[in-house]
Amino acid sequence: MYSVLLLCGGFAGVTTVLFGFGGGFVVVPLLYTLLISIQGPDSAAGLAAMHIAVATSTALMVFAASLSTWRHHQRRTVQWHLVRPLVGYIAMGAVLGAAAAVSLSGVWVRWAFIGYLGITIMDAVLRPGFLHQASDDIRPMGRQVTAMTGTFIGAVAALLGVGGSVMTVPLMRRRGASMTAATAMANPLSLPMAVSGTATYVLLSASDNALGAWYAGYVDLRALLVLAIGSWLGIHLGSIWIGRIPDRVHAWVYLLLLSIVLVVMVFVH
């Protein structure tokens, strides 16, 4: 199990630094599948598999998003003047999303995950503005739009444990950003969600002792450690490709990865 987690943690690191996913689109289906297949669907971990996967993925983002943000900052690809206004609203939304996830059944969280992926993919393919080559002359948002958008991004990202990439990348893309710029901003925008969401998951589920000593609430600490090591390696390797992938190829690969995760989550249960 841990060798698989290490390998997939590495893949999560690559997708974090190049696509801003925060690891969630890799970690959530991976952990969900492993917990169901190894411990059984009727075990304590199996019954809470989706909650554990989402909470552990959110905790991993604290590490992965921080390191990836630093890598992008070194390459000067993060436009901080566009990131800063959203940070506080995303953190507030994350508390709401994590609280909602704890109160919902794992089945509802899983289907919410699947539904949002499907909508995102169809929107990117069918509506103009995502797949075309763009410049980095990004149009800023007004104060009210920033508040509503940031809160929504934080709530949905924490609810599903996927980071903000699935919303911030299409958002910035349609406001004129290249894929490199859009994915660079997705990482620092995932960080406040990850911190607030992880704290909420741990606090609201801390009284549940059925999962064992190696859990902080729903966060699987052993899996988190292995995933973090793999993620560090993946981010280190993926950093050499920052800014080197052609824009249209970058956009299509982003959608391809989302489609693969969608298929996994639909058929593995």
Side-chain angles (χ1 to χ4, degrees), residues 19-22 24-25 28 54-55 57-58 61-62 65 69 72 78-104 108-109 111-132 134-179 181-201 203-204 251 254-255 258:
F19 300 97
F21 284 163
F25 287 109
V28 171
V54 170
S57 169
T58 304
M61 284 178 221
V62 176
T69 295
H72 276 285
V78 182
Q79 299 196 27
W80 289 106
H81 68 286
L82 296 171
V83 170
R84 291 188 188 98
L86 286 165
V87 169
Y89 295 114
I90 288 177
M92 289 188 293
V95 174
L96 300 176
V102 171
S103 64
L104 293 173
W108 279 103
V109 176
W111 281 107
F113 188 99
I114 291 169
Y116 199 89
L117 275 177
I119 291 170
T120 300
I121 293 167
M122 288 189 294
D123 179 72
V125 172
L126 299 176
R127 193 156 64 102
F130 184 85
L131 292 171
H132 73 285
S135 68
D136 280 341
D137 185 18
I138 306 173
R139 300 182 298 277
M141 296 182 292
R143 183 176 298 179
Q144 289 186 333
V145 174
T146 298
M148 291 187 294
T149 301
T151 303
F152 178 74
I153 289 172
V156 173
L159 174 66
L160 305 181
V162 296
S165 168
V166 71
M167 288 159 284
T168 55
V169 170
L171 172 68
M172 295 300 177
R173 189 75 169 144
R174 289 203 168 87
R175 302 196 74 82
S178 67
M179 280 300 293
T183 54
M185 286 185 283
N187 283 294
L189 289 174
S190 292
L191 190 55
M193 183 284 298
V195 173
S196 296
T198 300
T200 304
Y201 277 122
L203 291 173
L204 293 184
Y254 179 94
L255 293 180
L258 293 190

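We count residues from 1, following the sequence as given.
- Side chains of Thr58 and Thr200 form no contact here, defined as non-hydrogen atoms less than 4.5 Å apart.
- Contact of the Leu189 side chain with the Val83 side chain is registered, since non-hydrogen atoms from C-beta on lie closer than 4.5 Å.
- In this structure, Leu131 CG and Tyr254 OH are separated by 11.5 Å, a value rounded to the nearest 0.5 Å.
- Taking 4.5 Å as the limit, some side-chain heavy atom of Val169 sits within range of a side-chain heavy atom of Phe130.
- Ala182 and Arg173 make their closest contact through CB-N, 4.4 Å (heavy atoms, listed as atom of the first residue, atom of the second, distance).
- Taken to the nearest 0.5 Å, the CE atom of Met61 stands 4.0 Å off from the CE atom of Met193.
- Taking Ala155 as the reference, nothing meets the side-chain contact (heavy atoms from CB on, under 4.5 Å) condition, with sequence neighbours excluded.
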Can you give me every donor-acceptor pair (side chain of residues 93-102, partner residue at least two apart or in another chain, under 3.5 Å) with its distance?
none

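- Listed by chain and residue number, Val87, Ile90, Ala91 satisfy the side-chain contact (heavy atoms from CB on, under 4.5 Å) test with Pro192 (two or more places apart in sequence, or in another chain).
- Going from atom OG1 of Thr146 over to atom CG of Leu82 covers 9.5 Å, rounded to the nearest 0.5 Å.
- Take Ala147 and apply the side-chain contact (heavy atoms from CB on, under 4.5 Å) test, not counting sequence neighbours, and it matches Tyr89.
- Residues passing the side-chain contact (heavy atoms from CB on, under 4.5 Å) test with Thr69, sequence neighbours excluded: Trp80, Asn187, Pro188.
- To the nearest 0.5 angstrom, Leu171 atom CG is 11.0 Å from Phe152 atom CZ.
- The distance from atom OG1 of Thr183 to atom NE2 of His72, rounded to the nearest 0.5 Å, is 5.0 Å.
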